[in-house]
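One structure is given here, and the rest of the page talks about it.
Side chains included, hydrogens not; waters and symmetry mates left out as well; all remaining heavy atoms used.
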Amino acid sequence: MKRRWFLTSLASAFAAPTWLGSARSADLPRTAVVPGGVARVDLGLSPKAPKARVNGERVLVIREGSGWTAIVGIPLDAKPGAKLRVVAELPGGVTQAFEIDVAPKQYATQHLKVPPGKVDLSKQDLARYERERAHLDSVLRIFSETAPGTLSMLQPTPGERSSSFGLRRYFNDQARNPHNGMDIAAPAGTPVVAANAGRVIDAGDYFFPGQTVIVDHGQGLLTLYAHLSSIETRVGTNVAAGAPIGKVGATGRVTGPHLHFSVYLNRAAVDPGLFLPGSQSG
């Protein structure tokens, strides 16, 4: 059975409390059915939580009211007009397919100047980058079965939020991948806290993101905090929302101190502004 799901935007602001049993709209991210956005798919009624996948990746599923809803991250490289197919596995071996129609979104471009060695890598740095990329890719594949208590997030450090998510970036006039996070301007040494409760699944010093922490919040919802001057947590630590995990810095490939904050759903980097109170997407 195939059904087309038409999605609507949420206009409500977020609250911080967790839900017990059934999600409230205030606990959910705003929807934006665009590259780098978030879609909600109504999976219908079922005595147990369905398992849902998109592009082979497990998707976060929560109870909403008397039914189940899939919260789907749309990859930044998704083509406008494309149809993402979500397949839900229901109890009893029944499967049901849904389609998400990806709408267009125009992201801005940005030109940055950085040290040449951060763009044209030496053989040694390139080998390091490839090792780190493989490691981080494996971390971002982690999917724990327990659903988050809430999808609403705290801003991880005080400061002005940029609208840099999705920017098509040029480093020293060379095109690179779109920016997959939000930059928050803050002085070096400003405390950084976990945006939501979860478990620290990675902490290390990497070539491009510098000192970095990754937190697993459940069912493929991950947050990443990069360019830290120091890391104040350890892998395996359970952290509460608002718990200190590091300090703002300028490590890795940066032009000055700030926090790079990324949110991932089903391995897709999505706009963090959709999860924060009072922030617009993009």
*Under the 6.0 Å and 45° cation-pi test, does R253 pair with F208?*
yes
*Indicate, with yes or no, if F165 and Y264 share a hydrophobic cluster defined by side-chain heavy-atom contacts under 4.5 Å among Ile, Leu, Val, Met, Phe, Trp and Tyr.*
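No, because Y264 and F165 fall into different hydrophobic clusters, even though each may have its own neighbours under 4.5 Å.
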*asked:* Between F261 and V193, is there shared hydrophobic-cluster membership here, with clusters defined by ILVMFWY side-chain heavy atoms closer than 4.5 Å?
replied: no
*Run the salt bridge (charged side-chain N to carboxylate O under 4.0 Å, His left out) check on R128 and E132 step by step: do they pass?*
CA-CA 6 Å; R128 175 187 172 185; E132 293 176 353; 2.6 Å; yes
Exercise: identify the closest heavy-atom pair between [X] and [Y]:
{"X": "A88", "Y": "P50", "answer": "CB-CB, 4.5 Å"}
{"X": "A241", "Y": "A195", "answer": "CB-O, 4.4 Å"}
{"X": "D101", "Y": "V33", "answer": "O-CG1, 3.2 Å"}
{"X": "G189", "Y": "S229", "answer": "N-OG, 4.2 Å"}
{"X": "P156", "Y": "L259", "answer": "CG-CD2, 3.6 Å"}
{"X": "P158", "Y": "P191", "answer": "CD-O, 4.2 Å"}

So, [X] and [Y]: side-chain donor and acceptor under 3.5 Å apart, yes or no?
{"X": "S152", "Y": "D27", "result": "no"}
{"X": "D202", "Y": "H135", "result": "yes"}
{"X": "R58", "Y": "Q219", "result": "no"}
{"X": "H227", "Y": "T251", "result": "no"}

*If you measure from CG on N55 to CD1 on I74, what distance do you get to the nearest 0.5 Å?*
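The CD1 atom of I74 is 11.0 Å from CG of N55, to the nearest 0.5 Å.
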